[in-house]
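For the single chain, residues carry numbers from 1 onward in sequence order.
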Amino acid sequence: LGYTGNPPTLLMIGSLAVFYLVTGPWEDNAWFTRGAIDSRMILEQGQWWRLITALTLHADALHLLSNCVLGVFLLHYLFQLLGNGIGLAALLTAAGLANLLNVVAHGRDHHFVGFSTAIFAVIGMLSSLNFRRHSTIGRTRWLMPLMAGLAMLAMVGSEGERTDLGAHFFGLVIGLIAGY
């Protein structure tokens, strides 16, 4: 009840929802043809912008909803800790790099979309930031933030027929490194 929101967080999550109303679900339309991750187009034709534009596209309404629900809370905390500008720069850099690693790992015939790579990058960054803050406390308590990040990957990032575990895994790993 006391939540006043964080304008950049609300703007970012709201923009994802509004953009979905424009693009619709994953179909063979211009938005997905030009913006989705297409490994071949990235690796062979240098279309590097897809590493970021794919973050704005979602396969269906449930995909969008899950990213928005997690994103509103996680982004709020990230922006509170790092500030809006550094937080956004860290988010886009980590998510773009994680998408690149996923493209390289999967090879030339991989396609994916969604903000969840960024979500897991934020989980990794928050885990590392918390780890650094608590690393001087006892031998086992400092592992808790890292285990929490891995637990989030296991609980929400590895299930579903169309879930891209690689994008989630690389998002978490790059986020852990970036947060540290």
Side-chain angles (χ1 to χ4, degrees), residues 3-20 22-23 31-32 34-39 42 47-59 63-106 110 112-133 145-146 148-158 163-180:
Y3 179 72
T4 58
N6 182 331
T9 300
L10 299 175
L11 179 63
M12 182 176 263
I13 298 301
S15 296
L16 288 175
V18 169
F19 196 57
Y20 180 78
V22 173
T23 65
W31 294 103
F32 287 85
R34 293 187 185 130
I37 297 278
D38 179 334
S39 295
I42 291 169
Q47 295 183 5
W48 300 102
W49 65 85
R50 291 174 178 268
L51 299 171
I52 301 299
T53 58
L55 298 170
T56 66
L57 300 169
H58 289 85
H63 184 210
L64 171 72
L65 182 63
S66 65
N67 283 327
C68 287
V69 168
L70 280 172
V72 75
F73 294 107
L74 295 171
L75 289 176
H76 171 77
Y77 291 116
L78 181 71
F79 292 161
Q80 289 284 2
L81 288 171
L82 299 181
N84 298 329
I86 292 173
L88 183 59
L91 167 78
L92 293 176
T93 302
L97 184 54
N99 277 341
L100 177 60
L101 290 175
N102 194 34
V103 163
V104 170
H106 278 94
H110 193 60
F112 62 99
V113 294
F115 196 68
S116 54
T117 307
I119 295 294
F120 281 94
V122 171
I123 290 169
M125 284 187 270
L126 291 173
S127 295
S128 283
L129 290 168
N130 200 14
F131 166 78
R132 292 197 67 206
R133 197 174 106 211
L146 298 178
L150 292 172
M152 285 294 290
L153 177 64
M155 287 189 310
V156 298
S158 61
T163 299
D164 191 338
L165 180 59
H168 297 171
F169 173 77
F170 289 120
L172 181 65
V173 169
I174 295 301
L176 286 168
I177 294 167
Y180 191 77

Separation between CD1 (I13) and CG (N67), nearest 0.5 Å, reads 8.0 Å

Between L16 and L64, the two heavy atoms sitting closest are O-CD1, 3.7 Å

Looking only at heavy atoms, the pair that brings A59 and V113 closest together is N-CG2, 3.8 Å

Applying ring pair (Phe, Tyr, Trp, His ring centres under 6.0 Å) to F32 and not counting sequence neighbours gives W26

Rounding to 0.5 Å, atoms OG (S15) and CG (L11) come to a distance of 4.0 Å

Applying side chain to side chain donor-acceptor pair (under 3.5 Å) to N99 and not counting sequence neighbours gives T117

Within the structure provided, determine whether L129 and L82 are in side-chain contact (heavy-atom separation under 4.5 Å).
yes

Is there a side-chain contact between L70 and S66 in this structure, where contact means two heavy atoms from C-beta onward sitting under 4.5 Å apart? no

Between the CG atom in N102 and the CD1 atom in I37, the distance rounded to the nearest 0.5 Å is 8.0 Å

Residues at least two apart in sequence or cross-chain that pass side chain to side chain contact (heavy atoms under 4.5 Å, CB included) with L92, listed by chain then number, are I52, L55, L88

Residue set satisfying side chain to side chain contact (heavy atoms under 4.5 Å, CB included) with N84, at least two apart, ordered chain then number -> N6, P8, F79

CZ (R50) and OG (S39) are apart, to the nearest 0.5 Å, by 10.0 Å

Sorted by chain and number, sequence neighbours left out, ring pair (Phe, Tyr, Trp, His ring centres under 6.0 Å) with F170 holds for none

For G175 and S128, the nearest pair of non-hydrogen atoms, with its separation, is O-OG, 4.3 Å

field: Worked check of side chain to side chain contact (heavy atoms under 4.5 Å, CB included) between W31 and V22
entry: CA-CA 9 Å; W31 294 103; V22 173; 3.7 Å; yes

Keeping the roles fixed (side chain from T56, backbone from T53), state whether a donor-acceptor pair exists under 3.5 Å.
yes

Contacts of H110 meeting ring pair (Phe, Tyr, Trp, His ring centres under 6.0 Å) (sequence neighbours excluded), chain-then-number -> H106, F112

Neighbour count >12 (heavy atoms, 6.0 Å) for atom CZ, F73: no

- Query: Do L126 and L81 pass the side chain to side chain contact (heavy atoms under 4.5 Å, CB included) test, and can you show the C-alpha distance, the side-chain angles, and the key distance before you say yes or no?
  - Reply: CA-CA 9 Å; L126 291 173; L81 288 171; 3.6 Å; yes

Here the gap from S116 atom OG to D164 atom CG, rounded to the nearest 0.5 Å, amounts to 7.5 Å

request  = Check the pair H168 / F120 against ring-ring contact (aromatic ring centres under 6.0 Å, His included), numbers first and verdict last.
outcome  = CA-CA 6 Å; H168 297 171; F120 281 94; 4.6 Å; yes

* Decide yes or no for L78 and M125: does some side-chain heavy atom of the first lie under 4.5 Å from some side-chain heavy atom of the second? => yes

Nearest heavy-atom approach of A121 to A95 is CB-N, 4.3 Å

Review point. Is the backbone of A90 close enough, under 3.5 Å, to the side chain of T93 for a donor and an acceptor to pair up by distance?
Key: no

Between the CG atom in L176 and the CG atom in L172, the distance rounded to the nearest 0.5 Å is 4.5 Å

